[in-house]
Every structure is written in C-alpha cells, then in structure tokens.
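Step one of this worksheet: look at the structure below.
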Amino acid sequence: MANRTRDRQPLLPILSQYVNDRWHRLRTLLDAALKVEIGEEFTAEGTAWLRVSTKDQRHNRPPVRAVNRATGELVHLSRDEGYAFWQWAIVETLRLAGLRAEELIELTHLSVRQYQRPNGEVVALLVVTPSKSDRERIIPMSAELFHVIAQVIRRHRNEHGTVPVCVRYDSHERTWSEPLPYLFQNFHGGTQRGMANITVWRMIGRACDDLALTHPQFKDIRFAPHDFRRLFATELVNNGLPIHIGAALLGHLDIRTTRGYVAVFDEDVISNYHQFLARRRAERPKEENRNPTPEEWTDFQEHFDKRRIELGSCGRPYGTPCAHEHVPLTELSWTFPGLVLKPTHSDRRDVVAASGAPW
C-alpha cells in the first residue's frame with residue numbers, strides 16, 4: 001500500500017487540475033450558450049459555436065446543445081457540464097477531506113455546521129456520520145474544502161431552490177435510507193436519488209481514462225476512492241501534523257491504523273531529522289558548539305582506525321580480518337608457555353591460563 005501511495009502522489013495534482021479545468025471550461029461554454037437563443041451563434045475562448053435545438057422537452061430546463069463551427073462537433077453542454085461538476089466535486093472532496101466513499105455519499109446539508117471559537121473566529125465544520133467505526137467525527141474544513149461544499153449547495157439551490165430531499169439505496173445493507181437532503185445526488189430513472197457508491201468509482205475511473213490519452217503515466221495507474229484517503233493521511237503526517245490528530249480526522253480508533261496509511265518518503269525522513277537536529281542544537285549552550293581541535297579530531301579518527309588487542313594496536317580498515325586475532329597455537333605456545341585451548345559455548349577456541357600457570 002505504501003508503494004501504491006508513492007506512485008499516485010505525484011499524479012494527484014494532475015488529476016485535480018484536470019477535473020477543475022474541464023469543469024470550468026464547460027461551465028464557460030454553457031454560460032455563453034445560455035445568453036443566446038436557439039439558432040444563434042456565440043463565441044467562447046476564441047471559438048465560434050452555434051446553439052442548436054433539442055427534442056427533449058420533458059424537463060423544466062431543456063438540455064443545451066451547441067455545435068463547434070470549426071470542427072462540426074455536437075456537444076451536449078448541460079449534460080457534460082453537470083457530469084464534469086460532480087466529477088470535480090467528488091475528487092476535490094475526497095482529496096481535501098480524506099473521506100471514505102460511503103461517507104462521501106452520506107453527506108447531507110445537515111452535515112455542514114459552524115463553530116465559534118473563544119476569540120470570535122467562526123470555523124466551518126463537516127460532520128461525518130458514523131460508518132465503519134460507528135462513531136461520528138468532525139472535520140474542520142479548509143478554505144478549499146468549504147469552497148467545494150458551498151458550490152454543491154449553490155448548485156442545488158440554483159436548480160431546485162433548495163437541497164432536494166431524496167432517498168438513497170445502500171448496496172451493502174441492501175436497504176433504502178430515510179429521505180434526507182443528500183449533497184451528492186443524481187437523476188436515476190427520472191427520479192432524484194442519492195448518489196451510489198459505484199457512481200463515485202466510475203467518475204474517478206473515467207477521469208483517469210481521459211487523462212491517459214495525454215499523460216502516459218495514467219495508462220497503468222488508476223485511482224480508487226480510498227487512495228485519496230491514504231494520500232490525505234500521508235500529506236498530513238509528512239507535513240508535521242501529529243499522527244494522533246490525523247487519526248482523529250480520519251476516524252481511526254487505533255493510531256497504528258493511521259500509521260499503516262502513511263507512506264514515509266526518504267526525503268521526508270532526512271528533512272525532518274535535520275530539523276530535529278537544528279532544534280536540538282538551538283537549545284544547547286552555544287559554547288558547546290565549537291570546532292574540534294586537531295588533537296581531538298586525530299584521536300577521534302584513530303578510535304575507529306585502531307583496535308586494541310592483547311598483542312598491541314592494529315591499524316586496519318573496519319570490518320577487515322586481523323592477522324593478530326587468529327595467531328597459530330605454536331606461536332602462542334612459544335610466547336606464553338603453559339597455555340591450553342578450551343572450547344566455549346560459541347564453538348570458538350579461546351586461550352585460557354592453565355591451572356597454576358602464571359599469566
């Protein structure tokens with residue numbers, strides 16, 4: 001899982017930028033098309049378009065279509081813009097909140113709360129309903145996340161006057177929910193319903209497939225909803241947030257679960273350790289931070305260069321064999337008469353003094 005997170009972290013900004021640019025481009029085209037009547041031409045982003053009619057008149061707002069005058073391509077602006085919006089909202093909410101897929105589709109208008117701090121500052125909160133851990137949790141929303149949620153609510157109000165109350169089918173429990181003002185809704189069979197889990201997967205997968213046409217790195221890599229949760233945890237911890245706070249934001253009951261979500265990078269280990277050393281040096285007395293004298297430095301190097309043994313000092317590279325450590329018995333017997341060899345628990349033969357023999 002750590003390797004999966006490392007592979008997708010550099011691709012996350014590309015995916016986020018793609019869904020954002022696509023929605024804004026289609027929204028610009030749709031706004032320009034709504035300003036003209038059917039059969040009239042308009043210009044958007046330097047391209048000439050012709051708004052055409054549609055036979056579908058079942059809805060209060062008939063679909064908007066336009067033809068590219070340069071290529072002749074027919075674009076379903078209202079349909080494509082709606083799909084691009086929800087694609088953007090799903091990716092950005094998962095990326096910025098670290099929610100599970102089922103927690104995302106269970107968000108309602110009642111999930112948005114506010115909290116006033118003692119200094120008078122008002123903080124927007126996102127209340128996540130109990131899911132896997134059966135415990136409710138609260139996420140303080142960043143400005144970016146609050147912008148996404150506000151856009152979702154504004155879209156419902158522009159289309160319906162309020163956030164519609166609808167039901168949602170739980171594919172895991174195989175039951176219908178109570179009617180609630182779900183934030184993530186879509187039309188299914190002509191009826192407004194809460195978004196299904198499979199819809200979230202399909203929208204993310206389609207964005208990756210579209211990116212694979214221009215970015216080869218997306219050909220072998222696909223994003224799952226839970227990948228955004230792991231990336232969210234990794235970004236929090238690697239940027240200095242205490243891991244127990246990250247566990248509370250993610251809804252983990254055990255901090256070890258959060259640690260398993262986090263992919264630590266070598267550069268993060270090095271940079272954080274250097275920051276730790278800098279803080280520790282800053283707290284120590286300044287007179288201790290001095291350069292060593294030539295004698296101290298020479299003594300420090302010789303400490304690693306020379307090994308003290310019974311027959312004297314041996315200067316050799318660390319980890320290499322020494323001829324003095326395995327002297328033949330004949331040489332020992334010449335030097336120290338009266339010695340015998342005794343096997344030890346490590347199956348090595350050590351030189352010991354015989355009974356009554358002087359050392």
Contacts of [X] that satisfy side chain to side chain contact (heavy atoms under 4.5 Å, CB included) - sequence neighbours left out:
{"X": "Thr199", "value": "Asn186, Met195, Ala196, Met203"}
{"X": "Thr47", "value": "Trp49, Asn68"}
{"X": "Arg117", "value": "Tyr115, Asn119, Glu121, Val123"}

Would you please name every residue forming a salt bridge (charged side-chain N to carboxylate O under 4.0 Å, His left out) with [X], sequence neighbours left out?
{"X": "Glu283", "answer": "none"}
{"X": "Arg69", "answer": "Glu41"}
{"X": "Asp80", "answer": "none"}
{"X": "Arg157", "answer": "none"}

Could you pull out every donor-acceptor pair under 3.5 Å between side chains of residues 28-40 and any protein atom, sequence neighbours left out?
unit_1: Thr28; atom_1: OG1; unit_2: His24; atom_2: O; d: 2.8
unit_1: Glu40; atom_1: OE1; unit_2: Glu37; atom_2: N; d: 3.3

Handout entry: Shared hydrophobic cluster, Leu183 / Trp23 (ILVMFWY, side-chain heavy atoms < 4.5 Å)
Key = yes
Not counting sequence neighbours, which residues clear ring pair (Phe, Tyr, Trp, His ring centres under 6.0 Å) with [X]? List them please.
{"X": "Tyr83", "value": "none"}
{"X": "Phe146", "value": "none"}
{"X": "His156", "value": "Trp86"}
{"X": "His226", "value": "Tyr261"}

Exercise for the section: Quick one: closest heavy-atom pair of Leu145 and Leu126, and the distance? Expected result: CD2-CD2, 4.4 Å
Handout entry: Heavy-atom pair of closest approach, residues Cys208 and Arg222
Key = SG-CA, 4.4 Å
Problem - Under 3.5 Å side-chain donor-acceptor pair for Asn3 and Arg6 - result: yes
Problem - Side-chain donor/acceptor of Asp7 to backbone N/O of Arg4, under 3.5 Å - result: no
Handout entry: Under 3.5 Å: donor-acceptor pair, side chain of Ser16, backbone of Leu12
Key = no
Practice task
Could you tell me whether Trp176 atom CH2 has more than 12 heavy atoms of other residues or ligands within 6.0 Å of it?
Solution key: yes
